[in-house]
Visitor: 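Before we start, here is the structure in question, set down as structure tokens.
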Amino acid sequence: MKNILKPIFEMITGQYILFDNVLWNYIVMGIIGIMAFAFAWNIVGKLYKHGIISGNNSGSIIHWSIRIIVFIFLFYSFNIIIWLTKFIIEYKYFVFIILLFTLVITILIKSIKKYNKPIVLKEETIKKIDNCIDISNIATGILAAVNPQFTLLPIFIYAVSRTIDLASPEYIKERIERISHRLEEKKIHISDFKKELEILSEHDQYIVINHLRNLLLTCVPEMVNIYIDIIIDFVMNKEYTEREEICEIINALNIKDLNLLKMIKDYIEHGDKSIFAKKKLENDKLFNNPIQSKEKGTESRLKKINFQDRNILIDKYTTIFWKEFSNYLELDVKEMGFITLFKTSNEMGEVSSEWSSIGKSFLKLQNLNVLQLDYINTCGNVNIMNIDRFHITLIGKKIMIYI
């Protein structure tokens with residue numbers, strides 16, 4: 001059958017011409033012929049595989065029949081594509097106008113359908129809305145259980161709603177109760193607190209919501225009361241300009257940092273400051289007293305010494321010498337850096353790495369602009385933990401009020 005069908009196929013397909021250029025015509029017609037052959041071969045192979053046909057004659061007839069049909073289909077498909085390409089190139093402006101017009105008409109039709117469409121919510125959307133309502137009701141219930149007037153604070157409802165899936169209602173309720181107790185201790189009525197919340201700028205409202213969520217979710221228990229005081233003072237518009245920065249710093253502190261700040265505050269109130277007093281006296285004599293000289297029986301007063309040195313000593317509540325601080329804490333170490341390199345031991349011989357975390361907190365508090373460290377210069381290696389003294393910064397002093 002192949003000897004009969006193949007000449008028929010070649011006679012039929014030989015009449016089809018796509019291009020006047022002989023080379024291009026052979027190339028494209030060859031591609032079409034290969035595609036038709038592959039398609040027919042694949043179909044006949046599946047028929048043999050599934051036992052639908054058997055024998056060479058039946059397979060050959062089906063193969064050449066499919067091959068002719070596919071060839072003609074592909075030929076006219078290519079012909080249409082070539083014609084469209086030529087048309088678009090020749091009448092490109094006309095085609096562009098038609099496409100633009102069609103796009104505008106399509107947009108108008110969709111817009112009309114959109115506004116005439118009945119307002120019917122999808123089941124998935126209804127579930128999402130119901131879920132949001134349920135969460136809002138839970139948040140309102142938690143606040144009402146603490147104090148019904150808390151339900152009048154939209155910022156609190158929003159903050160609690162955003163934390164319900166991340167913490168248990170009992171846990172959230174416990175922290176809201178602590179806010180309520182602090183307001184009572186500060187003698188701040190909920191209505192006054194609500195007024196201050198309402199007059200906050202959009203930026204400040206965002207800050208309050210963000211820090212309320214941090215308070216409910218991420219704040220370590222030891223920092224909760226301090227964090228609450230900071231948020232309350234932020235809302236009540238206390239007289240300081242670094243409210244946002246103070247909130248951010250408090251949020252970044254952990255229990256080790258808090259312990260270090262407590263140690264510093266305790267030292268300021270009760271520690272020995274004799275080294276500071278001595279250094280301060282020497283510093284004042286060096287930089288504040290003018291040099292006097294006598295020449296030929298006459299007295300002349302020279303200008304103050306013009307020597308710049310960063311030997312900063314502010315006051316005994318701001319500048320703290322590491323030697324005095326470590327002595328007060330009964331820590332026998334000359335250089336602060338050693339506490340991050342070695343473990344410490346007490347009189348009983350018990351070994352601990354607790355002080356290593358304290359050393360890390362010094363660096364962290366400097367990065368947060370709570371402390372400023374002054375280290376000792378040496379001729380050899382210089383270690384930033386070789387601290388001579390440290391100072392409490394302006395914002396550090398405001399934070400120390402809450403410690």
Visitor: Using the test side chain to side chain contact (heavy atoms under 4.5 Å, CB included), find all partners of Ile264 that sit at least two apart in sequence or belong to another chain.
Guide: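 Ile264 satisfies side chain to side chain contact (heavy atoms under 4.5 Å, CB included) with Leu260, Ile268, Ile320, Phe325, Leu371, Phe390, Ile392, Met400 only.
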
Visitor: Test of understanding: with side chain to side chain contact (heavy atoms under 4.5 Å, CB included), list the residues that count as partners of Ile188, not counting sequence neighbours.
Guide: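 Per chain and number, Ile188 pairs via side chain to side chain contact (heavy atoms under 4.5 Å, CB included) with Leu183, Lys186, Phe193, Ile232, Met236.
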
Visitor: Do side-chain atoms of Arg213 reach the backbone of Val208 as a donor and acceptor pair under 3.5 angstrom?
Guide: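 No; zero donor-acceptor contacts below 3.5 Å.
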
Visitor: For Thr318, enumerate each residue passing the side-chain hydrogen bond (donor to acceptor under 3.5 Å, both in side chains) test, keeping only those at least two apart in sequence or located in another chain.
Guide: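 With neighbours one apart ignored, the set is Asp315, Lys397.
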
Visitor: With rounding to the nearest 0.5 Å, note down the distance linking CG in Leu74 to CD1 in Ile32.
Guide: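 Those atoms lie 6.0 Å apart.
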
Visitor: When rounded to the nearest 0.5 angstrom, what distance separates CD1 in Ile231 from CD1 in Ile179?
Guide: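 Rounded to the nearest 0.5 Å, the CD1-CD1 separation comes out at 6.0 Å.
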
Visitor: Could you check if a side-chain atom of Ile246 sits within less than 4.5 angstrom of a side-chain atom of Asp233, using non-hydrogen atoms only?
Guide: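 Not touching, per the 4.5 Å side-chain cut-off.
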
Visitor: Do Asn259 and Glu222 make a side-chain contact, defined as non-hydrogen atoms from C-beta onward lying under 4.5 Å apart?
Guide: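 They are not in side-chain contact.
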
Visitor: Would Tyr402 and Asn225 count as having a side-chain donor-acceptor pair, cut-off 3.5 Å?
Guide: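 Looking only at side-chain atoms, Asn225 and Tyr402 do not form any donor-acceptor pair under 3.5 Å.
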
Visitor: Quick one: side-chain hydrogen bond (donor to acceptor under 3.5 Å, both in side chains) partners of Asn42, sequence neighbours excluded?
Guide: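 Scan of Asn42 (side-chain hydrogen bond (donor to acceptor under 3.5 Å, both in side chains), adjacent residues dropped) gives none.
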
Visitor: Assess whether atom NZ of Lys360 is packed by more than 12 heavy atoms of other residues, nucleotides or ligands within 6.0 Å.
Guide: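 For Lys360, atom NZ is not crowded (no more than 12 foreign heavy atoms under 6.0 Å).
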
Visitor: Counting C-beta onward and ignoring hydrogens, is there a side-chain heavy-atom pair between Asp374 and His391 closer than 4.5 Å?
Guide: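 Asp374 vs His391: side chains touch.
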
Visitor: Just to verify, what does Lys256 make a salt bridge (charged side-chain N to carboxylate O under 4.0 Å, His left out) with, not counting sequence neighbours?
Guide: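 Once residues adjacent in sequence are excluded, the partners of Lys256 under the salt bridge (charged side-chain N to carboxylate O under 4.0 Å, His left out) criterion are Glu354.
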
Visitor: For the residue pair Ser201 and His203, confirm or rule out a side-chain donor-acceptor distance under 3.5 Å.
Guide: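 No donor-acceptor contact under 3.5 Å links the two side chains.
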
Visitor: Could you check whether any side-chain heavy atom of Val370 comes within less than 4.5 Å of a side-chain heavy atom of Asp257, counting everything from C-beta outward?
Guide: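 A side-chain contact is absent here, since even the closest heavy-atom pair is not under 4.5 Å.
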
Visitor: Judged by modelled atom types alone, do His211 and Asn251 share a side-chain donor-acceptor pair under 3.5 Å?
Guide: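 No.
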
Visitor: Any chance you could measure Leu84, atom CG, to Asn79, atom CG, to the nearest 0.5 Å?
Guide: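 The CG atom of Asn79 is 10.0 Å from CG of Leu84, to the nearest 0.5 Å.
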
Visitor: Could you pull out all residues at least two apart from Asn210 that satisfy side-chain hydrogen bond (donor to acceptor under 3.5 Å, both in side chains)?
Guide: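 Residues passing side-chain hydrogen bond (donor to acceptor under 3.5 Å, both in side chains) with Asn210: none at all.
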
Visitor: Could I get the full list of side chain to side chain contact (heavy atoms under 4.5 Å, CB included) partners for Glu324, not counting sequence neighbours?
Guide: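 Partners of Glu324 by the side chain to side chain contact (heavy atoms under 4.5 Å, CB included) criterion, ordered by chain and then number, come out as Tyr267, Asp272, Lys273, Ser274, Ile275, Phe276, Phe321.
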
Visitor: What's the separation between atom NE2 in His181 and atom CD in Glu184, rounded to the nearest 0.5 Å?
Guide: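 It comes to 6.0 Å.
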
Visitor: I'd like to know whether NZ of Lys195 has more than 12 heavy-atom contacts from other residues, nucleotides or ligands below 6.0 angstrom.
Guide: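 Count not over threshold, so no.
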
Visitor: List in chain and number order the residues that pass side-chain hydrogen bond (donor to acceptor under 3.5 Å, both in side chains) with Tyr76, two or more places apart in sequence or in another chain; answer none if no residue qualifies.
Guide: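 Listed in chain order: nothing, the list is empty.
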
Visitor: For the residue pair Leu258 and Ile226, establish whether any side-chain heavy-atom pair is separated by less than 4.5 Å.
Guide: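 Heavy-atom side-chain distance check passes, below 4.5 Å.
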
Visitor: Just verifying a value: how many Å separate Lys323 NZ and Asp388 CG, rounded to the nearest 0.5 Å?
Guide: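 Going from NZ on Lys323 over to CG on Asp388, the span is 10.5 Å.
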
Visitor: Should we count CG of Leu394 as having more than 12 external heavy atoms under 6.0 Å?
Guide: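 Counting other residues, nucleotides and ligands, CG of Leu394 stays at 12 neighbours or fewer.
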
Visitor: For residues 200-210, which residue pairs qualify under salt bridge (charged side-chain N to carboxylate O under 4.0 Å, His left out), counting only residues two or more places apart or in two chains?
Guide: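 Listed by first then second residue: Asp204-Arg243.
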
Visitor: Residues two or more places apart in sequence or in another chain: which of them pass salt bridge (charged side-chain N to carboxylate O under 4.0 Å, His left out) with Arg182?
Guide: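 Residues passing salt bridge (charged side-chain N to carboxylate O under 4.0 Å, His left out) with Arg182: Glu185, Asp229.
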
Visitor: Holding to ring pair (Phe, Tyr, Trp, His ring centres under 6.0 Å), I want the full list of residues that pass it with Phe37, two or more places apart in sequence or in another chain.
Guide: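 Result, ring pair (Phe, Tyr, Trp, His ring centres under 6.0 Å) vs Phe37: Trp41, His63.
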
Visitor: Who passes side chain to side chain contact (heavy atoms under 4.5 Å, CB included) against Ile69, sequence neighbours left out?
Guide: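 For Ile69 there are no side chain to side chain contact (heavy atoms under 4.5 Å, CB included) partners, ignoring immediate neighbours.
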
Visitor: Could you check Ser326 against Met336 for side-chain contact (heavy atoms from CB on, under 4.5 Å), going step by step and ending with a plain yes or no?
Guide: CA-CA 9 Å; Ser326 59; Met336 185 194 295; over 6 Å; no

Visitor: Between Phe78 and Phe73, does a side-chain contact (heavy atoms from CB on, under 4.5 Å) hold up when you go through it step by step?
Guide: CA-CA 9 Å; Phe78 272 79; Phe73 173 79; over 6 Å; no

Visitor: Taking C-beta and beyond as the side chain, do Asn369 and Glu245 meet within less than 4.5 Å on heavy atoms?
Guide: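 Counting from C-beta outward, Asn369 and Glu245 do come under 4.5 Å.
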
Visitor: Kindly compute the distance separating OG (Ser65) from CD1 (Ile43), expressed to the nearest 0.5 Å.
Guide: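 Reported value, rounded in 0.5 Å steps: 13.0 Å.
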
Visitor: Report yes if the side chains of Leu365 and Leu253 come closer than 4.5 Å at any heavy-atom pair, otherwise no.
Guide: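 Answer yes - side chains close enough.
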
Visitor: What are the two closest heavy atoms between Ala36 and Val70, and how far apart are they?
Guide: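 For Ala36 versus Val70, the nearest heavy atoms are CA-CG1, 3.7 Å.
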
Visitor: Answer yes or no: is there a side-chain heavy-atom contact under 4.5 Å between Asn214 and Cys219?
Guide: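 Asn214 vs Cys219: side chains apart.
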
Visitor: Can you name the closest pair of heavy atoms from Gln205 and Leu200 and give their distance?
Guide: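 Distance-wise, the nearest heavy atoms are NE2-O, 3.4 Å.
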
Visitor: Looking only at non-hydrogen atoms, find the nearest pair between Leu215 and Arg175 and report the distance.
Guide: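 Nearest pair, atom of Leu215 first, then Arg175: O-NH1, 2.6 Å.
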
